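Note that the structure is a prediction, hence the values are computed from the model and not measured. As a basis for the values below, the full set of heavy atoms in this structure was taken, side chains included, without hydrogen atoms, waters or symmetry mates.
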Protein chains: 2
Amino acid sequence: MTLDYKDKKVIGIGIISELTGLTERQIRYYEERKLIFPERSNGGTRKYSFADVERLADIAEKMEDGMQTFEIRKEEMKRSDVRDKMLKGQLNAAFRMRK
Amino acid sequence: MTLDYKDKKVIGIGIISELTGLTERQIRYYEERKLIFPERSNGGTRKYSFADVERLADIAEKMEDGMQTFEIRKEEMKRSDVRDKMLKGQLNAAFRMRK
DNA sequence: CGTGTAAGGAATTCTGACACG
DNA sequence: CGTGTAAGGAATTCTGACACG
């Protein structure tokens with residue numbers, strides 16, 4: 001079975017900004033905070049998927065509710081696949097930043 | 001019901017070129033010959049959908065078989081979905097004129 | 001912390017034209 | 001006809017930094 005269109009990283013940040021209503025600044029910041037993981041073209045431009053659009057909508061909603069990025073990341077990390085990889089490094093880093 | 005991701009015009013020509021294996025020159029030419037209809041950003045850059053990717057793959061195959069662009073266009077026009085779209089467009093136009 | 005913005009540069013895309021065949 | 005290419009310009013995106021709060 002082929003890869004679903006939903007997960008193909010083919011959309012530039014400008015379109016993502018339009019689709020989500022978020023500014024490019026916000027979108028890049030959420031990446032910096034490890035909430036989303038776009039791919040890159042050879043030249044370095046970010047490429048997103050429709051799944052990312054949905055995720056960003058989810059992130060935006062939580063931000064509006066006053067949640068902070070590290071809290072959102074923690075919540076996402078409860079999913080088993082990502083947890084093993086990132087729990088140690090990033091969660092500890094997030095913890096240190098709070099102090 | 002919301003619009004399927006497959007039909008959203010959100011992909012730049014560079015990615016389309018990668019996905020289809022066609023050059024940008026070819027893709028723009030097929031547009032000139034009315035085989036595909038990308039949307040445009042405010043700045044004028046072309047935006048395509050995954051459906052366009054499939055259509056381009058179909059066009060590429062026919063071109064390899066020696067078919068010419070006008071033949072492909074004629075063939076496309078026979079397809080019911082396109083006919084329906086044109087019909088609907090005419091009806092809409094007629095309806096607008098009556099108002 | 002999360003976001004806006006100005007800055008300078010690099011990557012991307014655009015059009016119209018010339019070439020070949 | 002269909003496609004390659006060089007040209008010049010415009011739109012898009014990138015990073016790092018400063019600002020505010």
- Please give, in whole Å, the distance from C:dT12 P to A:Ile15 CD1? 16 Å

- Message: Tell me whether the side-chain N/O atoms of B:Tyr29 come closer than 4.0 Å to OP1 or OP2 in D:dG2.
- Response: yes

- Query: Can you check the B:Leu22 CG to D:dG4 C1' distance for me, whole Å?
  - Reply: 14 Å

- Message: Give me the stems containing DNA chain D, sorted by first residue, counting only three or more consecutive Watson-Crick or G-U pairs with both distances under 3.5 Å; say none if there aren't any.
- Response: C:2-5 with D:17-20, C:17-20 with D:2-5

- Task: To the nearest Å, give me how far apart CD1 (B:Ile11) and P (C:dT13) are.
- Result: 12 Å

Sort me out a list of protein N/O and nucleotides 5-8 of chain C N/O pairs below 3.5 Å, or just none if empty.
residue, atom, partner, partner atom, Å
C:dT5, O4, A:Arg25, NE, 3.2

- Separation of B:Glu24 atom CD from C:dT12 atom P, in whole Å? 10 Å

- Item | Any donor-acceptor N or O pair under 3.5 Å, side chains A:Tyr29, A:Arg25 | no

- Message: Suppose we screen for ring pair (Phe, Tyr, Trp, His ring centres under 6.0 Å). Which residues come up paired with A:Tyr5, at least two apart in sequence or across chains?
- Response: B:Phe50

- Message: Quick one: does any side-chain atom of B:Arg55 pair with a main-chain N or O of B:Ile36 as donor and acceptor, under 3.5 Å?
- Response: no

- Item | Those residues of residues 42-50 of chain B lying under 4.0 Å from DNA chain C by at least one heavy atom | B:Gly44, B:Thr45, B:Arg46

- Item | Value in whole Å for how far the P atom of C:dT3 lies from CD1 of A:Ile13 | 13 Å

- Residue whose closest nucleotide on DNA chain D lies nearer the 5' end, B:Thr69 versus A:Arg28: B:Thr69

- Query: So, the side chain of A:Lys9 versus the backbone of A:Phe37: is there a donor-acceptor pair under 3.5 Å, distance only?
  - Reply: yes

- C:dT3 phosphate, OP1 or OP2: any side-chain N/O from A:Tyr30 under 4.0 angstrom? yes

- Take B:Leu56 and B:Gln26 through the test side chain to side chain contact (heavy atoms under 4.5 Å, CB included) and record every step on the way to the result. CA-CA 10 Å; B:Leu56 282 167; B:Gln26 289 174 307; over 6 Å; no

- Scan B:Phe70 against the nucleic acid and name what it touches under 4.0 Å (heavy atoms): base, sugar-phosphate only, or nothing. nothing

- Task: Take atom CD of B:Glu32 and atom P of D:dG2, then tell me their distance rounded to the nearest Å.
- Result: 10 Å

- Report the C-alpha distance between A:Glu39 and A:Val10 in whole Å, list the side-chain angles of each, state the deciding distance to 0.1 Å, and finish with yes or no for side chain to side chain contact (heavy atoms under 4.5 Å, CB included). CA-CA 9 Å; A:Glu39 294 182 355; A:Val10 296; over 6 Å; no

- Check whether any side-chain N or O of A:Arg40 sits under 4.0 Å from OP1 or OP2 of D:dT15, and answer yes or no. yes

- Item | Listed nucleotide nearest any side-chain atom of A:Gln26, set D:dC14, D:dT3, C:dT3 | C:dT3

- Nearest-Å distance, CD1 (A:Ile27) to P (C:dG2)? 16 Å

- Message: For DNA chain C, which residues of residues 56-67 of chain A approach it to below 4.0 angstrom with any heavy atom?
- Response: A:Met63

- Message: Distance check needed: D:dC14 P versus A:Ile16 CD1, whole Å only.
- Response: 11 Å

- Item | Partners meeting salt bridge (Lys or Arg N to Asp or Glu O under 4.0 Å) with A:Glu54 (sequence neighbours left out) | A:Lys6

